[in-house]
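Sequence lines set the chain letters: A, B, ... in the order given, protein chains first and strands last, and positions in each chain run from 1.
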There are 2 protein chains.
Amino acid sequence: MLHHSEKNKSFEMACRQKNLRVTPQRIEIYKELSKAKDHPTAETLHKRLLKRMPTLSLDTVYRTLGTLAEHGLIHKVDTTESQAHFEADLSKHHHVICARCGRIVDFDWPVVDESELPEELSNWGHVERRSLILHGICRDCQSTH
Amino acid sequence: MLHHSEKNKSFEMACRQKNLRVTPQRIEIYKELSKAKDHPTAETLHKRLLKRMPTLSLDTVYRTLGTLAEHGLIHKVDTTESQAHFEADLSKHHHVICARCGRIVDFDWPVVDESELPEELSNWGHVERRSLILHGICRDCQSTH
DNA sequence: ATACTTGCAAAACATTTGCAGCCGC
DNA sequence: GCGGCTGCAAATGTTTTGCAAGTAT
């Protein structure tokens with residue numbers, strides 16, 4: 001696990017490597033996403049950032065998240081929702097999503113990461129990443145009926 | 001594997017069971033989705049159906065797909081795209097998605113369906129369904145460079 | 001007869017784009 | 001200085017909603 005300062009440094013290096021300019025907006029958006037544990041949407045992230053950067057525009061957040069996701073510096077979460085959710089954690093992990101409250105929780109499952117893919121995929125192409133989504137009802141939502 | 005007529009009969013029964021009225025629109029939308037192998041969006045499905053049902057409105061397609069998905073009669077595919085993709089196939093299976101062309105292909109992987117879920121999820125709540133998404137580049141898109 | 005569903009139109013929500021000025025390199 | 005990035009505004013794309021008329025049960 002990297003410290004925050006190291007993480008941000010490596011983010012700047014990753015940007016340079018991809019020929020993306022290191023702007024204050026990108027740094028702050030990435031930092032805010034990194035410390036978030038709730039897979040926020042562009043709008044949520046924008047609201048949080050406005051406190052620190054009152055002039056940051058929502059479309060810059062959209063554009064930045066899009067750019068970073070395209071370059072693999074962050075991930076868009078696979079969802080059935082209309083709003084896109086993002087995360088900065090690039091380590092192998094998966095998601096459980098509650099159908100009631102929509103909360104997304106991370107979990108690890110090495111079986112999925114490490115098992116050999118089924119034969120029928122052998123000539124599909126190149127598989128880059130595996131992302132498992134569990135759908136269900138979380139404990140809180142069950143008890144609230 | 002059910003025949004089409006059986007599938008449609010069981011769809012009508014499923015609707016009745018859920019107190020959803022069996023309307024021509026629902027039947028046709030479900031039939032069109034059932035025979036599609038490409039996980040169409042609401043708009044794509046609407047275009048296909050217009051040939052047969054010239055007065056069918058797009059918002060009915062949206063509403064119907066939403067209703068059927070809510071009741072578990074069809075599935076919304078977990079995606080990073082902005083447009084929702086649907087499928088009528090409820091059997092356990094998973095999806096590979098090409099980052100270039102966006103094509104979604106089904107595959108089976110019993111390891112994912114049958115392995116016991118990791119300990120850390122034991123008190124998350126009730127897990128209903130497992131959906132694995134593989135991200136990559138399909139063979140066609142690799143060769144077209 | 002009643003309540004659910006549809007089609008129309010409009011609204012709401014989510015995301016993208018054009019452009020002029022700004023800023024990282 | 002150049003080219004990419006931002007903020008503003010406007011456009012586009014996607015989905016949802018209100019309502020009156022129609023239809024399944």
Inset, instruction - Check for a donor-acceptor pair, side chain of B/Arg100 on one end and backbone N or O of B/Cys138 on the other, with a separation under 3.5 Å. - result: no

Inset, instruction - To the nearest Å, give me how far apart CG (B/Leu20) and C1' (C/dC4) are. - result: 10 Å

Legend entry - Short side-chain to backbone donor-acceptor contact, B/Glu120 and A/Asp108, under 3.5 Å: yes

Legend entry - Backbone of B/Val61 reached by a side-chain donor or acceptor of B/Thr64 within 3.5 Å: no

Inset, instruction - Would you please name every residue forming a side chain to side chain contact (heavy atoms under 4.5 Å, CB included) with B/Met53, sequence neighbours left out? - result: B/Pro24, B/Gln25, B/Glu28, B/Leu56

Inset, instruction - Mind checking salt bridge (charged side-chain N to carboxylate O under 4.0 Å, His left out) for B/Arg48 and listing every partner two or more places apart, or none if nothing turns up? - result: B/Asp38

Legend entry - Side chains of A/Glu128 and A/His126, donor plus acceptor under 3.5 Å: yes

Inset, instruction - Report the residue from B/Leu134, B/Ile133, B/Thr80 that forms a side chain to side chain contact (heavy atoms under 4.5 Å, CB included) with B/Ile97. - result: B/Ile133

Inset, instruction - With heavy atoms under 4.0 Å as the rule, sort A/Thr55 into base, sugar-phosphate or nothing. - result: sugar-phosphate

Inset, instruction - Can you tell me which residue pairs pass the ring pair (Phe, Tyr, Trp, His ring centres under 6.0 Å) test with a partner in residues 35-70 of chain A, sequence neighbours excluded? - result: A/His39-A/His95

Inset, instruction - Extract, from 5' to 3' on DNA chain D, the first and final nucleotides lying under 4.0 angstrom from some heavy atom of chain B. - result: D/dT14 to D/dT25

Inset, instruction - Starting at the 5' end of nucleotides 15-21 of chain C, put B wherever the base has a protein heavy atom under 4.0 Å, S where only the sugar-phosphate does, and a dash everywhere else. - result: BBBB---

Can you name the atoms? Protein N/O to nucleotides 1-3 of chain C N/O, anything below 3.5 Å, with the distance.
| unit_1 | atom_1 | unit_2 | atom_2 | d |
| --- | --- | --- | --- | --- |
| C/dA3 | N3 | B/Arg21 | NH1 | 2.9 |

Inset, instruction - Mind listing the closest non-hydrogen atom pair of A/Ala88 and A/Ile74 along with its distance? - result: CA-CG2, 4.3 Å

Inset, instruction - Taking B/Ser143 for its side chain and B/Asp140 for its backbone only, find out whether a donor-acceptor pair lies under 3.5 Å. - result: yes

Legend entry - d(CG, B/Leu65; P, C/dT5) in whole Å: 14 Å

Legend entry - Flag, side chain of A/Arg130 to backbone of A/Asp113, donor-acceptor distance under 3.5 Å: yes

Inset, instruction - Using whole Å, report how far CG of B/Leu50 lies from C1' of C/dG7. - result: 13 Å

Legend entry - C/dG7 OP1/OP2 closer than 4.0 Å to side-chain N/O of B/Ser57: yes

Inset, instruction - Could you state the atom-to-atom distance from NE2 of A/His85 to P of C/dC13 in whole Å? - result: 15 Å

